[in-house]
Trainee: 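Below you will find the structure I want to go over with you.
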Amino acid sequence: MDLPRIFTVRESSHRIHNPFTPGKLAALGQALHLVPGSRVLDLASGAGEMLCTWARDHGVVGTGVDISTVFTEQARARAAELGVTDQVTFVHGDASGYVADEPVDLAACVGATWIGNGVAGTTELLSRSLRPGGLMLIGEPYWRRTPPDEETAKACHATGIADFLLLPDQLTQFQDLGYDVVEMVLADQDSWDRYAAAQWLNMRRWLDRNMDDELAAQVRVELTTEPARYARSTREYLGWGVFALMKR
Ligand code: SAH
């Protein structure tokens, strides 16, 4: 049970495995007015940057669960680096179906709503760990503009246009699920570049060191095709945001 290795090749230098910059992640933490001691559950916590920096900056405590052994090890190392190992724990495992032993103040799934088979299922999953009145965070793509055709949607690594909504419709979906949208921080094209373009240098450096690796041919193709694909499709059409929700 692990994340396919190609992800750790592409995102080897990333601490944040989504289109947020450190500044946007910090802005979100500030926007939520977290109080010290707040208990957090982060499903698909990746390399743990959200939990570790918010533990340092806001005194939160909590647990991250992720299926990647590499990212989970990086998260533990980051906690040690930031001096927050007594506040945060990182569990390697499948987060789909994961429910906290004790209700938390903030339950998050940032960039992995497939663990609940989509936004609706993920809000339901997170709600099972959340205390009444707690905050939920969902990180999710949306269409900046509706792609002109299914081919363009697929070029954004979606299975089709129906995968995502326009931003107003995404916000309405949260409302329809019974939640108030109480905050949001959105990626922009520059922060998307930090996520996407940073992968190109990672792939090139990895290729230079791993010419004989079984993934080398795939990485070579991606490095050649990704920049134009990204500029043509994802950068133009795909937005991304983290939405803070409270049950009505
Ligand atoms: N929330 C993190 C990581 C987002 S990337 C961040 O924003 O930086 C998506 C993450 O989902 C990856 O770390 C991947 O390992 C994890 N993941 C994918 N499927 C999972 C599953 N079933 N259970 C737990 N984690 C999963």
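Please read all numbers here as calculations on a predicted model, not as lab measurements. Indexing begins at 1, ligand by ligand and atom by atom, following the structure's order.
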Trainee: What are the atom names and distances for all N or O pairs under 3.5 Å between ligand 1 and the protein?
Mentor:
from	atom 1	to	atom 2	distance (Å)
ligand 1	1 (N)	A44	O	2.7
ligand 1	1 (N)	V110	O	2.9
ligand 1	7 (O)	N18	ND2	2.6
ligand 1	8 (O)	H17	N	2.9
ligand 1	13 (O)	D66	OD1	3.3
ligand 1	13 (O)	D66	OD2	2.7
ligand 1	15 (O)	D66	OD1	2.6
ligand 1	19 (N)	W114	NE1	3.2
ligand 1	22 (N)	D94	OD1	2.8
ligand 1	23 (N)	D94	OD1	3.4
ligand 1	23 (N)	A95	N	2.8
ligand 1	25 (N)	I67	N	3.2

Trainee: Quick one: which residue pairs count as a side-chain hydrogen bond (donor to acceptor under 3.5 Å, both in side chains) with a foot in residues 73-83, not counting sequence neighbours?
Mentor: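 Output for this query lists E49-R78, R78-E81.
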Trainee: Which donor-acceptor pairs under 3.5 Å do side chains of residues 128-142 form with protein atoms, sequence neighbours excluded?
Mentor:
from	atom 1	to	atom 2	distance (Å)
S129	OG	A100	N	2.8
R131	NE	D105	OD1	2.7
E140	OE1	T113	OG1	2.7

Trainee: Please report the C-alpha distance between I115 and C109 in whole Å, then the side-chain angles of each, then the deciding distance to 0.1 Å, and finally whether the side-chain contact (heavy atoms from CB on, under 4.5 Å) criterion is met.
Mentor: CA-CA 9 Å; I115 67 166; C109 177; 3.8 Å; yes
Trainee: Between T172 and D169, is any side-chain donor less than 3.5 angstrom from a side-chain acceptor?
Mentor: no
Trainee: Could you tell me which residues satisfy side chain to side chain contact (heavy atoms under 4.5 Å, CB included) with V61, sequence neighbours excluded, listed by chain and number?
Mentor: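 V61 satisfies side chain to side chain contact (heavy atoms under 4.5 Å, CB included) with R39, Q87 once adjacent residues are dropped.
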Trainee: Can you establish whether the number of heavy atoms outside R5 located under 6.0 Å from its atom CZ is more than 12?
Mentor: yes
